[in-house]
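These values consider heavy atoms only, across backbone and side chains, with no hydrogens, waters or symmetry-generated copies. In each ligand, atom 1 is the first atom listed, and ligand 1 is the first ligand listed. Small disclaimer: the values here were computed from a predicted structure and weren't measured.
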Amino acid sequence: MHLVDLAERVRDGSLSAVGLAERALARAAARADLGAVLEPGRERALEAARRVDDKRARGERLGRLAGVPIAIKDALCTRGVTTTAGSKILEGWVPPYDAHVVERLEAEDAVVCLKTNMDELAMGSSNENSAYGLVKNPWDTARAPGGSSGGSAAAVAARLVVGALGSDTGGSVRQPAAFTGVVGVKPTYGRVSRFGLIAFASSLDQVGPMATDVRGAARLLAAIAGHDPRDSTSLDAPVDDYEAACERPMQNTRVGVPAEYFGDGLDADVRASVERALARLVEAGATLVPIELPHTRHAVATYYVVATAEASSNLSRFDGVRYGQRRTRGRGTLADMYGATRDVGFGREVKRRILLGTFVLSAGYYDAYYGKAQAVRALVRRDFERAFERVDVIASPTAPTAAFALGEKTHDPLAMYLGDVYTLPASLAGLPALSVPVEPTPSGLPVGLQLVGPRLGEPALFTVAAACERAAGQRDRLAPHAEAGPWT
Ligand code: GLN
């Protein structure tokens, strides 16, 4: 059962919120082997679920996410529930407030449970960078679930829950969604408030939903989107009806197909699956339009300059004094921060990025690297603006390969970074993008189709993604969770 059905069943009283929360917690415990969950947040979840059931018992109308258990990435602050963002630097930190999106979920009567594992401070593409152990892909536990929201993706793929939140700075919702066969959405920059999201790169970070189906993702996004004065980059624009967009016919939709996203490095099986999905979109009434996004080849370099620069600035607050358990233990030396003396500071990837970010911002190199990256970022944005004069959405693979093996890229950061090539451009341009599962590879691994839209063009993404989902039908819906049983 998908998210919308669950909410409707809680609303009509045929399912209880407490029952669903217990179910999610039990399923998470039964799949502890995946490493997807850092903190179940049991007390808080059951309390919230009881509130929802009581509200219904009193005859009050329940919200759009009535009683639905939602897993959230551990980069999102939860009052009273440990939040570490996968980092030792925040070990034991209990936030005194909720992230905006957590408030929004609860305002719609969702039950926030399961804080999910992630690459440390959202840096990574495989979920092997968490200080609390890696996450396994439920489709094949020898493979990575993608990252950095791999815990949320694995939780949805294994049906611990049917909906989750991740955060996407350069692909961290879309790529793990693709690797685990779920729907993942990165909204337009500013569409969802970043208040209470532990920052990685502030000009790129967006919170986004993951779900077992397109409509579930649409409902989740509708719940969390909207203006928040606590985030100065939050957009004050009305929130569209994303669920209605899922029902809209796709006739005459112009789908741009960028040559640059189908070149060298694209796995043959992924290509075949994506091309079949495009053919089905044509059968459903879309028109394919070949387009060019010529600055795509600079996106990886540009992103890794901009993102590391912003990260080096954002992470300076974690000086070992103000957050985490070290404060109470009275530590807080520079050596602690960088983990030079014991295993308490930042991990290798985070240190690498702080070094890189500090370097590109340093007086002697600022123009050559950071200044140049900002200029190229503008060119990437312009590529998209030109393309959207001719097309409604842009379609491509979400990632150049299906899920790779755990350990395959851990010793080659550059190879890891290159795998982000298709998700980074939309992030640099601040555009909405979505990954929807298409036909798996012949060896049975999920493949994602990425759709990118113009600014605030989320409705078109949902229309095309829903058409894709309908075209794929049940035939493509092999899943690794069959033995765990259906949700109800
Ligand atoms: N994989 C990219 C990185 O490592 C993107 C991460 C993200 O979106 N948070 O930076």
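- Residue-level proximity to ligand 1 for Tyr304 is carried by the side chain, the only part with a heavy atom below 4.0 angstrom.
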Exercise. Dump the intermediate steps for salt bridge (Lys or Arg N to Asp or Glu O under 4.0 Å) on Asp33 and Arg31, then the final yes or no.
Key: CA-CA 5 Å; Asp33 64 299; Arg31 289 311 310 268; 2.9 Å; yes
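- The protein atom (non-hydrogen) at minimum distance from atom 5 (C) of ligand 1 is Tyr303 OH, 3.3 Å.
- If you check which protein heavy atom lies closest to atom 7 (C) of ligand 1, you get Ser172 OG, 2.4 Å.
- Applying the 4.0 Å criterion to heavy atoms of Ala122 picks out, from ligand 1, the atoms 6 (C), 7 (C), 9 (N).
- Ser203 and Arg377 share a side-chain donor-acceptor pair at under 3.5 Å.
- Taking every non-hydrogen atom of Ser125 and a distance limit under 4.0 Å, the qualifying atoms of ligand 1 come out as 1 (N).
- For ligand 1, the atoms closer than 4.0 angstrom to any heavy atom of Ser148 are 9 (N).
- An N or O contact shorter than 3.5 Å links Gly171 to ligand 1 by distance.
- Close approach of ligand 1 to Gly170 (heavy-atom distance below 4.0 Å) involves ligand atoms 5 (C), 7 (C), 8 (O).
- Taking only nitrogen or oxygen atoms, main chain and side chain alike, Asp168 does not reach within less than 3.5 Å of ligand 1.
- Only side-chain heavy atoms of Arg353 come within less than 4.0 Å of ligand 1; its backbone N, CA, C and O stay farther off.
- Heavy atoms from both the backbone and the side chain of Thr169 come within less than 4.0 Å of ligand 1.
- Each of the following atoms of ligand 1 lies closer than 4.0 Å to a heavy atom of Gly124: 1 (N), 2 (C), 3 (C), 4 (O), 6 (C).
- Less than 4.0 angstrom separates some heavy atom of Phe200 from each of these atoms of ligand 1: 9 (N), 10 (O).
- Protein heavy atom closest to atom 2 (C) of ligand 1, with residue, atom name and distance, is Asp420 OD2, 3.1 Å.
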